[in-house]
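Chain identifiers are assigned alphabetically (A, B, ...) following the order of the sequence lines, protein sequences preceding nucleic acid strands; residue numbering begins at 1 within each chain.
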Amino acid sequence: MTDTKNRPLSSDDHLMLVDGSTYIFRAYHALPPLTRKSDGLPVGAVSGFCNMLWKLLAEPDPELLGSPPTHFAVIFDHSSYSFRNDIYPDYKAHRPEPPEDLRPQFPIIRDATRAFNVACIEQEGYEADDLIATYTTQAVEAGAHVSIISSDKDLMQLLTMPNVVLVDTMKDKRTGPDGVVEKFGVPPEKMIDLQSLAGDSVDNVPGVPGIGVKTAAQLLEEFGDLETLLAQAETIKQNKRRENLIEFADQARVSKKLVTLKPDVPVKEPLETTLVRDLDGEQLIGFLKAMEFTTLTRRVATKTETSTDDVQSASVSTHGFEGAKVEERVKAEGEMTPAALAEKRANEAASVTIDPSKYEAVFDPAKLEALFDEARWSGILAFDTETTSLDPMRAELVGFSFALEPGRAYYVPLIHTSGDDLLGAGHDDRQMPADKALALLKAVLEDPAILKIGQNMKYDISIMANHDIAVAPFDDTMLLSYVAGAGTGGHGMDELSSKWLGHTPIPYKEVAGSGKSMITFDKVPIDKATEYAAEDADITLLLWRALKPQLIPHKATTVYETLERPLVPVLARMERNGIKVDRQMLSRLSGDFAQGMAGLEAEIAELAGEDFNVGSPKQLGDILFGKMGLPGGKKTKTGAWATPASALEDLAAEGHELPRKVLDWRQLQKLRSTYTEALAQAINPDTGRVHTSFALAATTTGRLSSSDPNLQNIPVRTEAGRKIRKAFIAEDGCKLVSADYSQIELRVLAHVADIDQLKQAFADGLDIHAMTASEMFNVPIEGMDPIVRRQAKAINFGIIYGISAFGLANQLGIGRSEAGDYIKTYFERFPGIKQYMDDTKAFCRDHGYVETIFGRRAHYPDIKASNPAMRAFNERAAINAPIQGSAADIIRRAMIRMEPALAEAKLNAKMLLQVHDELIFEVPESEVDATLPVIEKVMIDASNPALKLSVPLEVDARAADNWDDAH
DNA sequence: TTCGTCACG
DNA sequence: GACGTACGTGACGAAG
């Protein structure tokens, strides 16, 4: 029990002071944009704040915080005005307005503080830091210990007092005097002088131009303190530095007044009133209930032994200290539907003018650091890299751009060349050293309290990984667009910019040219590069502002946060892993294929009676259907003869020799051009491996796609093709493991359409196609005619694709009416499937989209097209999407969990590829036996616990020296 | 750049 | 009954 009466502090006491204002911003940016379910009121920062207070008061970590506090207060800035504005009117003048959805949270956070029954202190004319300085001074004089909960470097000057520590709860970091030396190179006693010299761009403290933290520390080391330094400034060797110190001496003195915290504010709340009071369970739960924070409510209820049922939700107003106007607007927004609010945000983003001439190149490291400090304050940084290649494994970083707020975007060139003189262009010396810039960049990109925003972050993450920088946390505008609008258009930046901002970005070819005359980005003059690169960052920031709020009305937050964003670093690692390919084997195959083709070409010319280009469908058509007069020719929509494999197969079946040879030739041509030749080209000279690129936002259904090269369509169906698969091999001492889901789409179908016979068959481990045939044709599964089974298999696949009699007839080579009869029989035996298909079409017509079992949406706006063909096409796609997409979601979940599961089991398997229902790994030989069950388990359990499937998933996993044998 | 073709799930 | 089809991709060579 604690005392209920206030009393003076003594040496046994521990005062904890929370820097409320700074924390609000960090919580806001570090956390997802949570809103109150019932009315959409933004409460993300409130939630973060409450969780922090609860942890400090009820579950303090003794290692981080020492003994539990006896005195506790949360200190806020009263308003943006303080006595410092009288000293220097521009103080904090450049701070951007807080985001719209943060503003209503300021007053609520004060309510939260009071709900926790702790002192909530602010005072007109003073900043929170001054109050913290004053209370700390008083407590130290009384002999007490003080913990200041903040990450603000301005408070470091207080560490001169004994028994004072600075604790950053978001980073679990405790800073004492040694920590100050480590971070700034000076002891706390010199922090004020250091800040006076270096200035602070966030607070707009001018300092001395050209002097940053590093230089200031060095000068103070040499001269002792600011006044001595200013007095002896003429002795400094560096010209510019000396001049600046003399010219801006007074500015440094003003800065000193600004950065010095006031230790003797005439505080209205005496220190004693911060004595920790007992939690009032009912009062706190009433508030938390009103905020609809269920988890924390439950925790508080348990700890305080209060029943939540008895507690009425408190009425919490958004009444603020900032005046009626804000209150009104906030109230208006609080009452808007999420869709209306999202539209408002989009309109705001679209109304911003984009003007590349305003962007700046940054050459000075001190300036860069100052700009990054702004990002530390705001918690947000839009970021983009410029490189020499679209392939991150071959790209060299040329520079990077970032945007702090709309219109304020910068480009940091690193290795641009200057001039185009005939002697050869050299390094442009205005640029800061790349390692210097990268060190500063690393601190920001790895700062957990700064949200990095990018467009297609997988690329930038991979580029930064080349420089040993791990980017987190991040948002990706491409993925935001994808989850909100798959099927409504592309998600590339140019397209998104036109769609959401009504602005066409500077085309890349305008700065770098195109085709043969294209130059790499390092050859682009810096001013031109700045406009292009900084515009990308600016646009990315605006797109984020427009797109992030779309998640809520599209109910896409969970999909984005569980199926998209976490997959990005996983895919980046897979791409960087690459897969080993046997170059000699490919080259041998290529020769074999070429030889085979040459032989066939001669035979074909002989049969045709003339030389022609076998690879030209047009010329081939003229020979077959024109010159030779073979029957059954069809024209393509452009009027030429169509020569698809199926038509050539038919002709071959009729006994014609030439079509058979053309088919053989085509197969070899395909294997050679697309695989043996292209694949050998794709081997990275540095790694000796092939690195594909997986696209996350390319398909309507949620599947990935692979390109450059496409490793998701490596041949497997023919003998000749499988030879290419054999060229995919494991590193010495390793095996390749292939693990694939068995019949995952049919299993998903059985689940979503809720078909008892199918579910039972899967539960019993039956051959699903045989079982289908047995049901349809009333034949026993035992000893079934393979042709009957094949027909059932085709129907099963047809169902998944949104069956049509025409399509099935084509597939099975039977008549259309016969195919129609099969379908009719199928629907009679499985009425639930017909029901599912009709329901899905109806849903799509009503909503314009369909959903996977995890809530991913695929849009088909043309499902209502008046053109029946187009409409039918969209209907079939809409039927297929939930099945294909749900399967895609399941394997995504498996991929996201795979690395932690392998690490947990202390295994070194590397995930290399995904081929829709299959994952490929490289596994040390000695670990194969231990690894297979881990992989299988993760894949089989992938839908849990979010969703319990009503059918079991089955996985086949095998290890071998090459992909063909493992498959 | 578009088309026809074909590799994969 | 029109319409012209199986669903989802990416890469190649030919031809415009």
Side-chain angles (χ1 to χ4, degrees), chain A residues 486-487 515 612-621 634-648 662-663 665-679 681-682 692-695 698-718 720-722 724-725 740-741 743-745 749 794-812 816 819 823 850 858 860 865-885 887-888 891 913-918 963 967:
Chain A
F612 71 99
N613 185 346
V614 187
S616 161
K618 187 174 172 295
Q619 293 181 32
L620 175 67
K634 286 193 187 133
K635 299 275 181 89
T636 66
K637 58 186 161 197
T638 52
W641 292 108
T643 60
S646 60
L648 301 186
V662 172
L663 284 169
W665 183 90
R666 276 189 182 171
Q667 192 196 12
L668 295 178
Q669 154 72 13
K670 177 81 178 182
L671 294 176
R672 196 171 114 91
S673 67
T674 307
Y675 297 104
T676 55
E677 291 291 304
L679 219 42
Q681 279 292 310
T692 183
S693 172
F694 288 107
T699 71
T700 307
T701 56
R703 270 196 180 176
L704 303 180
S705 80
S706 157
S707 63
D708 310 298
N710 182 355
L711 295 186
Q712 288 181 324
N713 70 346
I714 301 303
V716 70
R717 291 171 186 170
T718 66
R722 275 200 298 277
I724 289 162
R725 226 165 239 246
D740 68 297
Y741 283 111
Q743 309 285 9
I744 188 165
E745 293 194 347
L749 174 70
I795 293 172
N796 275 334
F797 273 102
I799 293 295
I800 290 170
Y801 297 153
I803 200 155
S804 75
F806 193 96
L808 182 63
N810 241 353
Q811 185 65 30
L812 286 175
R816 209 161 134 186
I823 294 169
V850 289
Y860 295 96
S866 55
N867 177 343
M870 189 184 261
R871 194 170 59 239
F873 179 75
N874 277 272
E875 285 173 354
R876 289 194 299 272
I879 288 168
N880 171 258
I883 303 169
Q884 190 184 109
I891 197 166
L913 300 176
Q914 187 249 44
V915 194
H916 309 308
D917 63 357
E918 176 188 13
W963 191 2
H967 187 72

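Of the candidate nucleotides C:dG4, C:dG10, B:dC6, C:dG4 has the atom lying nearest to any side-chain atom of A:Ala872. Considering only the side chain of A:Lys670, B:dA7 comes nearest among C:dA15, C:dG8, B:dA7. Of the candidate nucleotides C:dA6, B:dG9, C:dG8, B:dG9 has the atom nearest to the side chain of A:His967. Which of C:dG4, C:dC12, C:dG8 sits closest to the side chain of A:Ser673 comes down to C:dC12. Among the nucleotides C:dC12, C:dC7, B:dT5, the one closest to the side chain of A:Thr636 is B:dT5. For A:Ala877, taking side-chain heavy atoms from C-beta onward, the closest of the listed nucleotides C:dT5, C:dC3, C:dG8 is C:dG8.
Residue-level contact check: A:Gln669 touches the backbone only, with heavy atoms under 4.0 Å from sugar-phosphate atoms and none from bases. The residue A:Gly798 sits close to a base: some heavy atom pair falls under 4.0 Å. At the heavy-atom level, A:Thr674 lies under 4.0 Å from the strands shown only through sugar-phosphate atoms. Within the 4.0 angstrom heavy-atom criterion, base atoms lie near A:Ala794. Within 4.0 Å (heavy atoms only), A:Leu808 reaches at least one base atom of the nucleic acid. Heavy atoms of A:Asn867 sit nowhere under 4.0 angstrom from any nucleic acid atom. Using a 4.0 Å heavy-atom cutoff across all strands shown, A:Ala881 reaches no nucleic acid atom at all. Residue A:Ala887 is out of contact with every strand shown, counting any heavy-atom pair closer than 4.0 Å. When heavy atoms are screened at a 4.0 angstrom cut-off, A:Ala695 is found touching no nucleic acid atom at all.
Taking atom NZ of A:Lys618 as the reference point, atom P of C:dA15 lies 7 Å away to the nearest angstrom. Between the C1' atom of B:dA7 and the OH atom of A:Tyr675 lies a distance of 3 Å, rounded to the nearest Å. Rounded to a whole Å, the CD atom of A:Gln667 is 23 Å from the P atom of B:dG4. Across the protein-nucleic acid pair, A:Ile883 atom CD1 and C:dA6 atom P stand 18 Å apart, rounded to whole Å. A:Arg816 places its CZ atom 12 Å from the C1' atom of C:dA6, with the value rounded to the nearest Å. Between the NZ atom of A:Lys634 and the P atom of C:dG4 there is a distance of 13 Å, given to the nearest Å. At whole-Å resolution of the value, NZ in A:Lys637 and C1' in B:dT5 are 13 Å apart. For A:Leu812 and C:dA6, the CG to C1' distance is 11 Å, given to the nearest whole Å.
When each of A:Gln619 and A:Gln884 is assigned the nucleotide of DNA chain C bearing its nearest heavy atom, the one mapping closer to the 5' terminus is A:Gln884. For the pair A:Phe873 and A:Pro868, both in contact range of DNA chain C, the more 5′-proximal nearest nucleotide belongs to A:Pro868.
Side-chain contact check for A:Trp963 versus A:Ile714: some heavy-atom pair is nearer than 4.5 Å. Side-chain atoms of A:Leu711 and A:Phe694, non-hydrogen and from C-beta on, never get closer than 4.5 Å to each other. Counting heavy atoms from C-beta on, the side chains of A:Ile823 and A:Leu808 come closer than 4.5 Å. In this structure, A:Glu918 and A:His967 have side chains that are in contact, with non-hydrogen atoms separated by less than 4.5 Å. Using a 4.5 Å heavy-atom cutoff, the side chains of A:Arg666 and A:Val614 are not in contact.
Within the 4.0 Å cut-off from OP1 or OP2 of C:dA6, not a single side-chain nitrogen or oxygen of A:Arg876 is found. The phosphate of B:dT5 (OP1 or OP2) has a side-chain N or O of A:Thr643 nearer than 4.0 angstrom. Under 4.0 angstrom from either OP1 or OP2 of B:dT2 there lies no side-chain N or O belonging to A:Thr638.
A:Glu745 places no side-chain N or O within 3.5 Å of a backbone atom of A:Ile883 that could act as its donor or acceptor partner. A donor-acceptor pair under 3.5 Å is formed between the side chain of A:Thr718 and the backbone N or O of A:Gly721. The closest donor-acceptor contact from the side chain of A:Thr692 to the backbone of A:Ser706 lies at 3.5 Å or more, if one exists at all. No donor-acceptor pair under 3.5 Å is formed between the side chain of A:Arg703 and the backbone N or O of A:His916.
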Side-chain donor/acceptor pairs under 3.5 Å, residues 870-881 of chain A, sequence neighbours excluded:
unit_1: A:Arg871; atom_1: NH1; unit_2: A:Ala865; atom_2: O; d: 3.0
unit_1: A:Arg871; atom_1: NH1; unit_2: A:Ser866; atom_2: O; d: 3.4
unit_1: A:Asn874; atom_1: ND2; unit_2: A:Met870; atom_2: O; d: 2.8
unit_1: A:Glu875; atom_1: OE2; unit_2: A:Arg845; atom_2: NH1; d: 3.3
unit_1: A:Asn880; atom_1: OD1; unit_2: A:Gln884; atom_2: NE2; d: 3.3
unit_1: A:Asn880; atom_1: ND2; unit_2: A:Ile800; atom_2: O; d: 3.0

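At least one cation-pi condition fails for A:Lys634 and A:Trp641: the charged atom is not both under 6.0 angstrom from the six-membered ring centre and inside a 45 degree cone around its axis.
With both ends at atom C1', the span from B:dC8 to C:dG4 equals 25 Å, rounded to whole Å. A distance of about 24 Å separates the P atoms of C:dC3 and B:dT5, rounded to the whole Å. For B:dT2 and C:dA6, the C1' atoms lie 24 Å apart once the distance is rounded to whole Å.
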So what does the secondary structure string of DNA chain C come out as, 5' to 3', with Watson-Crick or wobble pairs under 3.5 angstrom, [ ] for crossing and | for pairs with another strand? ......|||||||||.

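A heavy atom closer than 4.0 Å to some atom of DNA chain B occurs in A:Gln712, A:Asn713, A:Ile714, A:Pro715, A:Val716, A:Arg717, these being the qualifying members of residues 704-718 of chain A.
When every heavy atom of A:Leu812 is checked against every heavy atom of A:Ala794, the shortest pair comes out as CD2-CB, 3.6 Å.
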